[in-house]
Amino acid sequence: MNSPSNDAAHPSNIADQPDSQRQLLQYDSILRVAQSVSLTLGSDSLLISDERSTGKTKRACCGLLSKSSTEETQSISLYNILDAELSPSGLTITYAAHATKHDVSVAALQYPMAEEAKIKAEAWRGRLLHLAYGNAQRYKRLKVLVNPFGGKGDAVKLYQKYAAPIFAAAHCKVDVQETTHGGHATEIAEQIDIGNYDAIVCCSGDGVPYEVFNGLAKKPNAQEALAKLAVALLPGGSGNAMTWNLCGTGSVSVAALTIVKGLRTPMDLVSITQGTTRTLSFLSQAFGVIAEADLGTDNIRWMGAHRFTYGFLVRIIQQTVYPCDLAVKVEINDKKVIKNHYNAYANSVPPLRSPQDAAGQPRGLPELKYGTVQDDLPKDWEVIPAETLGNFYAGNMAIVSKDTSFFPASLPNDGMIDIVTIDGTLGMSKSLKMMTSIPEGSFFDMPDVNVRKVTAYRLTPREKEGYISVDGERIPFEPFQVEVHQGLGTVLSKSGHLYEAEGPKP
């Protein structure tokens with residue numbers, strides 16, 4: 001039997017609860033089991049007190065050691081509680097315990113219960129689960145898509161070893177399917193019965209969630225499907241930005257726990273029109289040095305993650321520029337005002353979305369307010385000089401890769417996308433300083449970093465060849481237009497409100 005951990009994999013996300021929940025804590029929160037062990041419901045932890053009367057060191061049924069006239073108290077974060085069950089043999093509490101520094105695994109506490117105590121125990125069990133899940137949906141129905149080809153090709157093993165036991169212990173109903181080819185996840189999402197599942201969980205890189213969003217977008221009831229089915233990511237690829245933003249981890253097991261406890265959160269999606277094609281993006285669009293450093297270095301994939309740094313440095317040294325025509329529908333272009341906007345959002349009531357909110361949504365995708373890239377440019381858009389553009393990066397999420405919060409002011413559901421533009425003629429010294437300032441959190445405030453919050457934009461390359469990246473995937477090198485749709489998508493997030501990144505510094 002595993003003993004409880006003193007630490008939690010995550011801090012509880014239900015610390016601030018309404019009066020009704022605080023009253024639950026005050027009413028009969030202690031359950032006495034195994035004669036000498038008491039279980040107490042705290043505000044964010046399950047407290048286990050072991051009072052032994054024997055003079056010998058002895059192991060109790062929960063695996064804790066104690067001695068005569070001593071009391072040992074340990075705790076399990078309520079966030080880590082997966083389930084609690086009463087059976088003829090007694091009370092069983094399953095939870096996520098620390099297995100390593102970065103991973104959790106399923107552990108259990110078992111206590112025999114006298115028959116006459118089971119009525120009280122059942123009421124206590126209900127309160128425990130109420131506190132442990134808060135606003136999170138219990139016993140989620142999950143469609144799990146595993147990409148066996150992504151990243152290092154070990155997504156199947158990662159899922160089976162680290163995620164499947166967490167989902168099973170939390171009594172999630174799971175339907176697992178491996179993808180077999182590019183675009184397979186789009187096909188699955190397009191055909192899925194949205195009434196059979198609560199979420200689609202991708203064990204992959206960011207490419208499969210991109211396919212899932214676009215598959216749901218193809219359904220006749222696209223807006224209902226995107227509101228009903230949450231999308232989540234278990235990190236199984238080379239790019240796992242979605243997990244870092246919504247779960248704050250690169251661990252499959254901790255991400256699985258976060259999905260179990262995940263809160264349904266509305267998230268902005270953007271339409272991208274290119275030619276006669278319309279697709280959805282959830283993460284980012286890049287043109288210039290970042291797109292080139294990522295997509296233009298496939299020939300040196302043997303370098304792993306270092307290929308991006310190498311590609312970036314080569315282009316910075318050469319002071320490569322990427323001329324284009326750029327026009328944006330600006331909403332906020334002052335950094336101080338952007339910070340105020342971020343803080344106001346962060347202090348607002350979280351916009352949680354229940355599955356019932358999906359009912360009655362309009363059919364199909366939202367109409368395009370600004371038309372497509374083939375239409376005349378709206379007259380109220382701002383044209384930004386971009387003859388010597390070095391980098392254009394538009395982010396719908398804060399974190400683009402581990403330790404890289406490129407868009408610290410990005411918000412899940414504010415109806416805007418953050419655009420960063422940087423001139424390509426700044427010189428190597430300034431460019432390298434920018435690169436090192438990102439993990440330090442000072443990048444946003446650098447004077448040569450232009451930041452705008454926009455609701456739409458159009459970019460037209462002036463060169464004949466190059467790279468454009470959407471959610472890490474290459475798209476044709478031709479003009480494209482982007483328009484934001486506030487809260488069109490649904491995700492499972494740890495906070496239900498913000499990305500797992502520090503916002504811009506005051």
Side-chain angles (χ1 to χ4, degrees), residues 245 266-274 278-288 290-291 322 324-345 365-387 389-400 405-423 443-461 468-471 475 479-489 498-499 501 503-504:
N245 281 281
M267 189 180 79
D268 299 341
L269 298 177
V270 305
S271 280
I272 297 178
T273 61
Q274 195 172 45
R278 178 183 181 181
T279 56
L280 293 183
S281 167
F282 76 94
L283 177 59
S284 63
Q285 305 93 49
F287 170 82
I290 286 182
Y322 305 86
C324 68
D325 296 316
L326 180 61
V328 298
K329 175 59 175 171
V330 178
E331 302 299 333
I332 313 174
N333 62 3
D334 180 272
K335 291 183 180 180
K336 182 177 180 180
V337 179
I338 290 175
K339 291 180 181 182
N340 291 339
H341 169 78
Y342 179 93
N343 291 330
Y345 183 101
L365 289 175
E367 291 187 11
L368 293 170
K369 180 178 179 181
Y370 301 107
T372 74
V373 70
Q374 296 180 324
D375 294 319
D376 292 338
L377 191 70
K379 295 181 179 180
D380 61 343
W381 286 22
E382 177 184 341
V383 176
I384 298 174
E387 291 80 9
L389 182 72
N391 185 44
F392 171 92
Y393 208 1
N396 195 43
M397 286 184 162
I399 303 169
V400 297
S405 181
F406 203 94
F407 305 98
S410 180
L411 293 163
N413 186 42
D414 69 344
M416 292 179 276
I417 191 167
D418 292 24
I419 287 180
V420 171
T421 55
I422 301 172
D423 191 88
F443 174 78
F444 181 92
D445 289 305
M446 296 185 75
D448 291 311
V449 176
N450 300 296
V451 183
R452 300 172 178 87
K453 277 188 171 287
V454 310
T455 48
Y457 70 86
R458 180 183 296 181
L459 190 151
T460 302
I468 299 171
S469 170
V470 173
D471 294 358
I475 66 170
F480 68 99
Q481 183 163 305
V482 165
E483 179 176 323
V484 183
H485 307 293
Q486 184 170 8
L488 178 61
L498 299 171
Y499 294 127

Q: Strictly distance-based, threshold 3.5 Å: is any side-chain N or O of Ser284 a donor or acceptor partner for the main-chain N or O of Ala394?
A: no

Q: Taking C-beta and beyond as the side chain, do Phe480 and Leu459 meet within less than 4.5 Å on heavy atoms?
A: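 In contact.
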
Q: Among Leu389, Ile384, Thr460, whose side-chain contact (heavy atoms from CB on, under 4.5 Å) with Cys324 holds?
A: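 Exactly one pass, corresponding to Leu389.
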
Q: When rounded to the nearest 0.5 angstrom, what is the spacing between OG in Ser271 and CG in Leu280?
A: 5.0 Å

Q: What distance do Ile332 atom CD1 and Lys339 atom NZ have between them, rounded to the nearest 0.5 Å?
A: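 Output value for this atom pair is 13.5 Å.
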
Q: What is the ring orientation for Tyr322 with Phe287, classed by angle as parallel under 30°, tilted 30 to 60°, or perpendicular over 60°?
A: perpendicular

Q: Do you know which of Phe392, Trp381, Tyr370 makes ring pair (Phe, Tyr, Trp, His ring centres under 6.0 Å) with Tyr457?
A: Phe392

Q: Holding to ring pair (Phe, Tyr, Trp, His ring centres under 6.0 Å), I want the full list of residues that pass it with Phe444, two or more places apart in sequence or in another chain.
A: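 With sequence neighbours excluded, Phe444 shows a ring pair (Phe, Tyr, Trp, His ring centres under 6.0 Å) to no residue whatsoever.
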
Q: Going by heavy atoms in the side chains, are Val449 and Thr421 under 4.5 Å from each other?
A: no

Q: One thing to verify: whether Lys329 and Asp380 come together as a salt bridge, which I'm taking to mean a side-chain N less than 4.0 angstrom from a carboxylate O.
A: yes

Q: Just how far is it from atom CG of Asn343 to atom NE2 of His341, taken to the nearest 0.5 Å?
A: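 If we round to the nearest 0.5 Å, Asn343:CG and His341:NE2 are 10.0 Å apart.
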
Q: Does the side chain to side chain contact (heavy atoms under 4.5 Å, CB included) test come out yes or no for Leu326 and Val383, once each step is laid out?
A: CA-CA 6 Å; Leu326 180 61; Val383 176; over 6 Å; no

Q: I would like to know whether Met397 and Phe407 meet side chain to side chain contact (heavy atoms under 4.5 Å, CB included); could you show each step before the answer?
A: CA-CA 7 Å; Met397 286 184 162; Phe407 305 98; over 6 Å; no

Q: What verdict does the side chain to side chain contact (heavy atoms under 4.5 Å, CB included) test give for Leu411 and Leu498, after you've listed the backbone C-alpha separation in whole Å, the side-chain angles of each residue and the deciding distance to 0.1 Å?
A: CA-CA 6 Å; Leu411 293 163; Leu498 299 171; 3.6 Å; yes

Q: Tell me, do Ile422 and Tyr393 make a side-chain contact under 4.5 Å, heavy atoms counted?
A: no

Q: In the structure I gave you, are the side-chain heavy atoms of Ile338 and Pro504 within less than 4.5 Å of one another anywhere?
A: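 Result no, sub-4.5 Å side-chain heavy-atom pair not found.
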
Q: Rounded at 0.5 Å granularity, tell me how far CD1 in Ile272 sits from OG1 in Thr279.
A: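 Spacing of CD1 (Ile272) from OG1 (Thr279) equals 5.0 Å.
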
Q: Of all the heavy-atom pairs spanning Asp268 and Asn396, show the shortest one and how long it is.
A: O-ND2, 2.7 Å

Q: Ile290 vs Phe406, test: side chain to side chain contact (heavy atoms under 4.5 Å, CB included). Steps then yes/no.
A: CA-CA 12 Å; Ile290 286 182; Phe406 203 94; 3.9 Å; yes

Q: When you measure from the side chain of Asn245 to the backbone of Ile399, do you find a donor-acceptor pair of N or O atoms at a distance under 3.5 Å?
A: yes

Q: Backbone N or O of Val420 within a donor-acceptor pair of the Asn450 side chain at under 3.5 Å?
A: no

Q: Please confirm whether the backbone N or O of Leu283 pairs with a side-chain atom of Asp471, one donor and one acceptor, at under 3.5 Å?
A: yes

Q: Are Pro412 and Tyr345 side-chain neighbours, meaning at least one heavy-atom pair lies under 4.5 Å?
A: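 Answer yes - side chains close enough.
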
Q: Is there a donor-acceptor contact under 3.5 Å from the side chain of Gln285 to the main chain of Gly395?
A: no

Q: Is a side-chain N or O of Lys453 found less than 3.5 angstrom from the main chain of Ser410, in a donor-acceptor match?
A: no

Q: Looking at every non-hydrogen atom in both residues, tell me the closest pair between Met416 and Val484 and how far apart they are.
A: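 Looking at all heavy atoms of both residues, the closest pair is N-CG1, 3.9 Å.
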
Q: Return the minimal non-hydrogen interatomic distance between Glu367 and His485, and the atom names on each side.
A: O-CE1, 4.4 Å

Q: When you measure from the side chain of Gln486 to the backbone N and O of Asn413, does any donor-acceptor pair fall under 3.5 Å?
A: yes

Q: Roughly how far apart are Glu387 CD and Asp423 CG, rounded to 0.5 Å?
A: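 Here the interatomic distance stands at 10.0 Å.
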
Q: When rounded to the nearest 0.5 angstrom, what is the spacing between CZ in Arg278 and CD in Gln481?
A: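 Going from CZ on Arg278 over to CD on Gln481, the span is 11.0 Å.
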
Q: Are any of the side-chain nitrogens in Asp375 or Arg458 under 4.0 Å away from the carboxylate oxygens of its partner?
A: no

